[in-house]
Amino acid sequence: MPDMMSDTILSDFERRELVAQMTAEQDLREHLQSGSRTVYSGFDPTADSLHIGSLVPLLSLRRFQLAGHKPLVLVGGATGLIGDPSFKSEERQLNSADLVATWVERIKVQTSRFVDFDCGGSAAEVVNNLDWTAGVGVLDFLRDVGKHFAVNSMIQKESVKQRIEREGEGISFTEFSYMVLQSYDFAQLYKKYGCTMQIGGSDQWGNITGGIDLTRRMHQAQVFGLTLPLVTKSDGTKFGKTESGTVWLDADKTSPYAFYQFWMNASDADVYRFLRYFTFLSVDEIIEIESADASSQGRRSAQGILAKQVTALVHGESGVEAASRISEALFAGDLAGLSQAELEQLALDGLPCTQIQAGSKPLVELLVDTGLALTPRGEVTVGQARKFIQSNAVSVNGQKISDDQALLDPSSAYFGRYHLIRRGKKLFHLLQWP
RNA sequence: GGAGGGGUUCCCGAGUGGUCAAAGGGAUCAGACUGUAAAUCUGACGCGUAAGCUUCGGUGGUUCAAAUCCACCUCCCUCCA
C-alpha cells in the first residue's frame, strides 16, 4: 500500500539527487513515514505556459503522490500579480490582472496532467491563492499577517540580498512583499487542507522557510520544506533553452517533436542525471542503462529513453509516436523512401512546415521565409542564407546544395509537392507546393 | 561639494587622427570528425551579391579624414570632504 512506500520517498529523492535543502530532516522523515501527508508546490503564471523548468517540482509532486501523499498544485493567481523577486536581478514589469487570469486558467489545465485527481485519499487538487487573498483587506493583512514578519530578517534573505545591496537596482515594496504572500499561502493551506509540506526550486528556500515560520506563529504548527536542485548542464549553459528559445510544455508553443529533440540532444554528461530528475524510472533501472551504455560502442541509448519518457509525460503516447516518427524519418531513415502519406503526416506531427506559392523560388529566399537563415544574433537575413549555402550547411531532399543561386520548383519536389530542407545537422523544414 | 578614472560591436576587452567594421578572448552559428553527445580542428560572426551603407554613451564642432581632437550633456566607478 502507498503508506508502506512513504518511508522510501525521501531516500528515493536523495538517490535521484533531487534534494537541495530540507528543513528538520529527522522530523520530516518521521512525519512522512507516519502517515499520508499533504504536499504543495506553487506555480506562478508568468506566461501563457509553463516551461520545462517547472517539470522538476511538478514531477516531484507526482512522486509524493505515488508514495501515498496528497499533492496540491497551487497556481499563483495572486502571487503572479506581484512577481517573485527571488534571485532576479531586476524589478519586473507587472502584468494586467486580466492577462494573469487567463494564464492561470491555462496553467491549471497544464499542471493537471501530472497528478492524479481520482485516487481516493491522496487525490490531487488544484488551488489558486487568489481565492484566499483577493478578499483580505489591507489593514487586516498588515495587522494579522504582516505583524509576524521582521523586516530585519526579510532583508537578510539571500534571495533578495543582491537587489537590496547592489547599487542602481533596488526592489519595490511590491516585490519585497512577495515573500509575505507566499508565506501566507502556506499558512492558509495548512489551515484549510492540513498541508504540512512545501516543495519548490532551490531559489524558493527563502519563501518556503518564511511560510514555515508564519505557520508556526499563526497556527502553532510544525510544517516542512524541501527544495529541489537547480537543473544545470555540464557545459555551463542555461538549461531549457534551444536555438529557437525556451522549451515550453504547451504543444502549441513547442511541438512534441521539438520537445522530443530537446531531450535527444542531452549530452552524455547530463543524460543520466536528467533521467533521475525527469522520469519515473527507478534509480536501479537508470544505473543499469548507464552501465549498459558504458560497455557498448556508439550512440548511447539514454537520450532516446529520456526523450520518450519525458515526451510521454508531457504530450502523451500520441506525442511520443508523432515525435519519434519524425525523428526516425529525418535522422535515421531514408528521405526518398517516405511515402506521400508519410510526408503529410510529418507536417501534422509538428515538423515546421511552410506553404509555397506556385512557380519557382530562389533557395536563398526560401531559407529566409522559413526562418532557417537565422544568424547567431537571432536575425533572419539573406546574407546568412547565402553563408549557410556556401558553407555546405543546406540540403534539399537529402541533396547538399552549394550553389547560392539555386532555384527550387515543384519539378524537383517529392510527389511534385514536398521539399524537405535541412539546415545544419538538426534543423528541418518542410515546404509544400500547391 | 572637490579630485581623478571611465562608457567600444551579444559579453569581456584592445584601440588615442587615416592602413578601423575596429586586435584578442568568450559566447553563438556552420563545416570536418563522430553517435542528433563531448573534445578537437577549420570557417563565419553590423547590413548588403556588390558598389556601398550604418556602428564605438548623446549632441554639436574642428579636419580632406575622427572610436580617436574640442565643447556641452548624460551615466558609471574610485578617492577626498
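Lettering of chains follows the sequences in order, A, B, ..., and the numbering in each one begins at 1. Worth saying up front: this structure is predicted, and the values here are computed from it rather than measured.
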Between [N] and [M], how far is it from one [atom1] atom to the other, in whole Å?
N      : M      : atom1 : result
G24(B) : G15(B) : C1'   : 11 Å
C11(B) : A81(B) : C1'   : 37 Å
U40(B) : U34(B) : C1'   : 11 Å
A37(B) : G31(B) : P     : 11 Å
U55(B) : G48(B) : C1'   : 15 Å
A14(B) : G57(B) : P     : 14 Å
A38(B) : U19(B) : C1'   : 42 Å
C56(B) : C12(B) : C1'   : 15 Å

Compare the minimum distances between each of [options] and the side chain of [X], then state the nucleotide with the smallest one.
X       : options                : value
T381(A) : C47(B), U36(B), C29(B) : C47(B)
V382(A) : U49(B), A30(B), U28(B) : U49(B)
M264(A) : U36(B), A38(B), U49(B) : U36(B)

Rounded to whole angstrom units, what separation is found between the [atom1] atom of [X] and the [atom2] atom of [N]?
X       : N      : atom1 : atom2 : value
D404(A) : A50(B) : CG    : C1'   : 13 Å
N392(A) : A44(B) : CG    : P     : 16 Å
I401(A) : G31(B) : CD1   : C1'   : 17 Å
E379(A) : C10(B) : CD    : C1'   : 11 Å
R300(A) : U36(B) : CZ    : P     : 13 Å
E365(A) : U49(B) : CD    : P     : 11 Å
K425(A) : G31(B) : NZ    : C1'   : 9 Å
F274(A) : A37(B) : CZ    : C1'   : 12 Å

Just call it for [X]: base, sugar-phosphate, or nothing, with non-hydrogen atoms closer than 4.0 Å on any strand.
X       : value
T237(A) : sugar-phosphate
F388(A) : sugar-phosphate
A269(A) : nothing
Q390(A) : nothing
V271(A) : nothing

Can you confirm whether more than 12 heavy atoms, excluding those of E288(A), are under 6.0 Å from its CD atom?
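At most 12 heavy atoms, drawn from other residues, nucleotides or ligands, come within 6.0 Å of this atom.
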
Exceeds 12 heavy-atom contacts within 6.0 angstrom, atom CD of Q399(A)
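No, not enclosed.
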
Can you tell me if the side-chain N/O atoms of [X] get under 4.0 Å from OP1 or OP2 in [N]?
X       : N      : answer
K387(A) : G46(B) : no
T375(A) : C45(B) : no
R299(A) : U34(B) : no

What about the rings of [X] and [Y], do their centers lie closer together than 6.0 Å?
X       : Y       : value
F274(A) : F239(A) : yes
H31(A)  : F224(A) : yes
F64(A)  : F13(A)  : yes

Give me the atom names and distance for the closest heavy-atom approach of F262(A) to V247(A).
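So the minimum-distance heavy-atom pair works out to CD1-CG2, 3.5 Å.
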
Using the rule side-chain hydrogen bond (donor to acceptor under 3.5 Å, both in side chains), only one of D270(A), N265(A), D268(A), D293(A) pairs with Q303(A); which is it?
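Among D270(A), N265(A), D268(A), D293(A), the one that satisfies the side-chain hydrogen bond (donor to acceptor under 3.5 Å, both in side chains) with Q303(A) is D268(A).
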
5' precedence on RNA chain B between N265(A) and R423(A) (nearest-nucleotide basis)
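Going by which nucleotide is closer to the 5' end, it is R423(A).
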
Closest nucleotide of RNA chain B for R386(A) versus for E328(A): which of these residues is on the 5' side?
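Whichever sits nearer the 5' end wins; that is E328(A).
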
Answer with yes or no whether Q303(A) presents, from its side chain, a donor or acceptor under 3.5 Å of a partner atom in the base of U36(B).
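Looking at the base of U36(B), it does not pair with any donor or acceptor on the side chain of Q303(A) (distance under 3.5 Å).
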
